[in-house]
2 protein chains.
Amino acid sequence: MKVSTQAAPRVSCPERAVLEHLTSRWGVLVLSALLEGGRRFGELRREISEVSEIAVSEKMLTQTLRTLERDGFVGRHARPVIPPHVDYDLTPLGEQAARQVRALAGWTEEHVPQVLAAREEYDARTPG
Amino acid sequence: MKVSTQAAPRVSCPERAVLEHLTSRWGVLVLSALLEGGRRFGELRREISEVSEIAVSEKMLTQTLRTLERDGFVGRHARPVIPPHVDYDLTPLGEQAARQVRALAGWTEEHVPQVLAAREEYDARTPG
DNA sequence: CAGGATCCGCGCCGATACTG
DNA sequence: CAGTATCGGCGCGGATCCTG
């Protein structure tokens, strides 16, 4: 049993930790998806796995959502029915954050070709 | 001996890899520093260690700079003198990237207090 | 001064099994 | 359906030593 669930690995300052949560592998995708509206756990999982071409494990999705919820970016709404329904959405703070993240992710996506070209040029020049 | 220097750990798609480079612990600080002008290796090291309150090892700074250089974000200019002088600066592409990263990092920094407050509220409500 | 090489511990994250 | 618990590999990154 661990004392702390998600304490401080190597990230000491809180700013770095928050940035890490926002730009984490699944964090980016979760925020992006939720920017288009609230989603249920399963929907989120399927949608993300579809976009990223790689399946997100339940564990990681849960962990990501918990972290973002704790930071105040994501709201969790469980409805006590059988079977369980849990909806997630962005808080006002989370929506601001998601837009920033989207801006960076969007820019990155657009410029991937340039980066790839730069790498080829670098690799062609460096070993020789 | 490793075959690949910095190949693909778990990041398959290139977009994720680039995002990882840009938002990596030291990547953010390097881009931020270089946004204010070119710097030498040692200056960069001292400046970053000062801002982050945690020293960056030579290894990690080198690795970060190499990765960003290969991606076409950072320019490296070595002058063949004794002792060696190496200047780093942002390429036009890197400057665009750095501004996106700064926007996100700046937003994060400003809202850290709100996040901390959200965490306290979460922690107070969750165990009970 | 700038960095290459190597060792190695710690924590991330995927896989698997189980529950309300 | 939406999680929780546990185990284990492996890669990130810090420490240290060495070089042009």
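In what follows, chains are A, B, ... by sequence order, proteins preceding strands, each numbered from 1.
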To the nearest 0.5 Å, how far apart are CD in B/Glu50 and CG in B/Leu29? 12.5 Å

Think B/Ser57 has a side-chain N or O under 4.0 angstrom from the OP1 or OP2 of D/dG13? no

Which whole-number value in Å describes the distance from A/Leu61 CG to D/dC1 P? 14 Å

Exercise: do A/His77 and A/Asp87 side chains pair donor with acceptor under 3.5 Å: no

Value in whole Å for how far the C1' atom of D/dG3 lies from CE of A/Met60: 15 Å

With a 4.0 Å limit, can you tell me whether A/Arg25 has a side-chain N or O closer than that to the phosphate oxygens OP1/OP2 of C/dC13? no

Looking at every heavy atom in both B/Glu15 and A/Thr108, which two are closest together, and how far apart are they? O-CG2, 3.8 Å

Would B/Phe73 end up clustered with A/Val112 when hydrophobic side chains under 4.5 Å apart are linked, directly or stepwise? no

Would you indicate, yes or no, if D/dG3 has its OP1 or OP2 atom less than 4.0 angstrom from a side-chain nitrogen or oxygen of A/Arg76? yes

Figure out the CD1/C1' separation between B/Ile48 and D/dG14, and round it to whole Å. 16 Å

According to a strict under-4.0 Å criterion, is A/Arg39 in side-chain N/O contact with OP1 or OP2 of D/dA2? no

Can you tell me how far C1' of D/dC12 sits from CD of B/Gln63, to the nearest Å? 8 Å

Closest to the side chain of A/Thr62, out of D/dT4, C/dA2, D/dG14, is D/dT4

Would you say a side-chain N or O of B/Trp26 is under 4.0 Å from OP1 or OP2 of D/dG14? yes

In this structure, how many angstroms lie between the C1' atom of C/dC12 and the CZ atom of B/Arg16, rounded? 13 Å

Test B/Leu65 against every option in B/Leu61, B/Thr67, B/Thr62 by the side chain to side chain contact (heavy atoms under 4.5 Å, CB included) rule and name the one that passes. B/Leu61

Remember a base hit wins even if backbone is also touched, and classify A/Arg79 as base, sugar-phosphate or nothing at under 4.0 Å, heavy atoms. nothing

D/dA2, OP1 or OP2 - any side-chain N/O from A/Arg40 closer than 4.0 Å? yes

Nucleotide of D/dT6, C/dA2, D/dG3 approaching A/Arg66 most closely (side-chain heavy atoms): D/dG3

Taking atom P of C/dA2 as reference, at what distance in whole Å does atom CG of B/Leu65 sit? 11 Å

What nucleotide, of D/dT6, C/dG3, D/dC1, holds the atom closest to the side chain of A/Pro84? D/dC1

Looking at A/Arg45, I'd like to know whether one of its side-chain N or O atoms comes within less than 4.0 Å of OP1 or OP2 on D/dC1. no

Protein-nucleotide distance (A/Glu20, atom CD; C/dG11, atom P), rounded to Å: 14 Å

Please compare A/Glu58 and B/Lys59 by the position of their nearest nucleotide in DNA chain C and report the one closer to 5'. B/Lys59

